[in-house]
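For reference, the structure is listed below as structure tokens.
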Amino acid sequence: MTTLSQEPYEQAADRPEGHATHDVTNQPPPLAPYDACDDNALLEGVRREGAGWAQDGLRRLGRRAGSVEAQEWGDLANRHEPVLRTHDRYGNRVDEVEYHPSWHRLMRVAVGEGLAGAPWADDRPGAHVARTAGGLVWGHTEAGHGCPTSMTYAAVPALRAAPELAEVYEPLLTAREYDPGLRPPAEKRGLLAGMGMTEKQGGSDVRTNSTRATPTAEPGVYTLRGHKWFTSAPMCDVFLVLAQAPDGLSCFLVPRVLPDGTRNTFRVQRLKDKLGNRSNASSEPEFDGTVAWLVGPEGRGVKTIIEMVNCTRLDCVMSSATLMRKTLVEAGHHVRHRSAFGARLVDQPLMRNVLADLALESEAATTLTLRLAGAADRAVRGDAGEAAFRRIATAVGKYWVTKRGPAFTAEALECLGGNGYVEESGMPRHYREAPLLSIWEGSGNVNALDVLRALGRSPAAGHALFEELALARGADARLDTAVSRLRTGLAEASETGARRLVELMALTLQASLLVRHAPPAVADAFCATRLGGDWGHSFGTLPDSAGLGAVLARALPATG
């Protein structure tokens, strides 16, 4: 029998911890902590759109969003997904959704920083711009908890169609207090609002809803019976719901807990198993004798929620722009510290082309987002021209920016190579999130056709768009040519060509903003590629003449 010597084992035991095969080299350090507000396009846009007074708060929020703690909250909220409890231990129906503590921490900051309904109670010009900018910053943590804050923000103007209800609920919906748990609304320090619009037979075609609303003996009070197909954040306190009343499709307010403390019938049948947005519960509630209050006139449900849709579409644009910026920052950090073939990735010409191309797209998205927020802010304050511009430009932005999101996040992920494909990097979560924004509040076709309807029904909307484009007339020949093409295209508009037309609207609008407000290197590269055709079919195909260095110096923050 052969006896093995103990010497090799003794020698191994004497070695210091960490074997050469496990030494980690050529890997970036963690990104956090970093400043999520370190974004020239964001800060310049905030000042330009009338919310310069919010800069200090945004800076503070940016440091918090990029902190190790807040980044961990986002990770934990997605790894520990919401759990539905339909019954308590005794068999009583409770229909509660349990969230990880990190979700509540994210929500507490978001609501406390005014990212839910607070702007509607803020008389300062630029309040809605400041909220949008806050979303662009705090969204660096994670995207799912932006859903209930967005719905709460959008619910307030719709609820004002019922002044007696708004008097009761608006002060709580605009409060900066996150107060989770199902209790009578009047007993809480702050409320969150959800929405129940879509049903399985119709989706975006809400006029086909089959949920029925039956009047009670009490004026304005109804009972609902039906099944909603996609209702996010079921633990919100109140919901705006569409249902068929005797005079047609109408909007209703449905509280989870009634004023007397009893729970309204809101049976959560299941939570959706979604591609992304995993931290946020999305549900199928069933109504059966559910008490509801009418919001706006009977039969005018779609008209009642129009302002709400404008608000949530803006948030879709904002969230897509946030994902672009977040993934660009992640990619830029990685390539600064990673080397291949004898040089840092950030110094290699082709990688610089990719990053610069992504930076152009990100800046265009952020700049448009803040312009839309400025229009919303001024429209709320009675500016008819801005209201007309908002009507068409928000739908245009919703279509285009959210369409660009998935391709953008995929390219940013690829900058990390195989490191970006593993869950620990966080990039797969961002990639899965991106398609949601082009689906929520109307898919691409819905928004493109809505632009055509706006042009047909409101000539002022088209006029406002061209007035905006005219502000950059003569500054860039490629832009002037594109605007001429757009005028011709409008004269020949058809449903079949709606996407192509809206794409051109979006690109000319973004280009006009960059020509007026961005550095020359950024504006020139954008116009040369997106309008002039000196571009390929994927990111990283900028022409040799593009000022890559200037674009990257502006776009990439100083991370560790």
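In this text the structure is predicted, and so the values were computed from the model without any measurement. Positions are given from 1, in the same order as the sequence printed here.
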Query raised in the report: Is there a donor in the side chain of Thr141 and an acceptor in the side chain of Gln71, or the other way round, less than 3.5 Å apart?
Result: no

Requested in this report: Step by step, work out the side-chain hydrogen bond (donor to acceptor under 3.5 Å, both in side chains) result for Ser232 and Ser282.
Outcome: CA-CA 4 Å; Ser232 283; Ser282 297; 2.6 Å; yes

Query raised in the report: Just by distance, with hydrogens left out, do His145 and Trp73 show a side-chain donor and acceptor under 3.5 Å apart?
Result: no

**Report entry** Interatomic distance, Ile306 atom CD1 to Cys311 atom SG [nearest 0.5 angstrom]
**Finding:** 11.5 Å

Query raised in the report: Can a salt bridge be assigned to the pair Glu307 and Arg390 using a cut-off of 4.0 Å between side-chain N and carboxylate O?
Result: yes

Query raised in the report: Who are the ring-ring contact (aromatic ring centres under 6.0 Å, His included) partners of Tyr399, not counting sequence neighbours?
Result: none

Report summary line: By side-chain contact (heavy atoms from CB on, under 4.5 Å), His87 pairs with (sequence neighbours left out) Arg93

Query raised in the report: What residue pairs, at least two apart or across chains, pass side-chain hydrogen bond (donor to acceptor under 3.5 Å, both in side chains) with a residue in residues 240-253?
Result: none

Query raised in the report: Will you find, in the side chains of Tyr222 and Glu298, an N or O donor that is under 3.5 Å from an N or O acceptor?
Result: yes

**Report entry** Carboxylate-amine/guanidinium proximity below 4.0 Å for Lys274 and Glu81
**Finding:** no

Report task. Scan residues 121-130 for pairs that pass salt bridge (charged side-chain N to carboxylate O under 4.0 Å, His left out), counting only residues two or more places apart or in two chains. Result -> Asp122-Arg124

Query raised in the report: Ser425 and Val422: which non-hydrogen atoms are nearest, and at how many Å?
Result: OG-O, 2.9 Å

Requested in this report: Would you name the heavy atoms of Leu61 and Val137 that are closest together and state the gap between them?
Outcome: C-CG1, 3.9 Å

Query raised in the report: Charged N to carboxylate O below 4.0 Å: is that the case for Arg263 and Glu96?
Result: yes

Donor-acceptor pairs are to be reported for all side-chain atoms of residues 103-116 against protein atoms at under 3.5 Å, with residues two or more places apart or in another chain.
residue : atom : partner : partner atom : Å
His104  : ND1  : Tyr178  : OH           : 2.7
Glu113  : OE1  : Arg60   : NH2          : 3.4
Glu113  : OE2  : Arg60   : NH1          : 2.7

Query raised in the report: Should Asp288 and Arg225 count as an ion pair when the cut-off is N to O under 4.0 Å?
Result: yes

Requested in this report: Please determine, by modelled atom types, if His227 and Glu284 share a side-chain donor-acceptor pair under 3.5 angstrom.
Outcome: yes

Query raised in the report: Can you check side-chain hydrogen bond (donor to acceptor under 3.5 Å, both in side chains) on Glu72 and Ser102, steps first, answer last?
Result: CA-CA 8 Å; Glu72 184 179 22; Ser102 292; over 6 Å; no

Report task. Name the orientation class of the two ring planes belonging to Tyr153 and His128 (parallel below 30°, tilted from 30 to 60°, perpendicular beyond 60°). Result -> tilted

Report task. Using only heavy-atom distances, determine whether the side chains of His80 and Tyr99 contain a donor-acceptor pair under 3.5 Å. Result -> no

Query - Test ring-ring contact (aromatic ring centres under 6.0 Å, His included) applied to Phe239 - qualifying residues, sequence neighbours left out - result: Phe266

Query - Sidechain-backbone polar pair: Lys188 side chain, Asp179 backbone, donor-acceptor under 3.5 Å - result: yes

Report task. Consider only side-chain N and O atoms of Thr208 and Glu199, and report whether a donor and an acceptor are under 3.5 Å apart. Result -> no

Query raised in the report: If we ignore angles and hydrogens, is there a donor and acceptor under 3.5 Å between the side chains of Asn447 and Asp450?
Result: no

Query raised in the report: Any side-chain donor-acceptor pair under 3.5 Å between Asn209 and Thr211?
Result: no

Query raised in the report: Looking at Leu294 and Leu165, what are the two nearest heavy atoms and their distance?
Result: O-CD1, 3.7 Å

Query raised in the report: Is there a side-chain contact between Thr327 and Met427, using heavy atoms and a 4.5 Å cut-off?
Result: yes

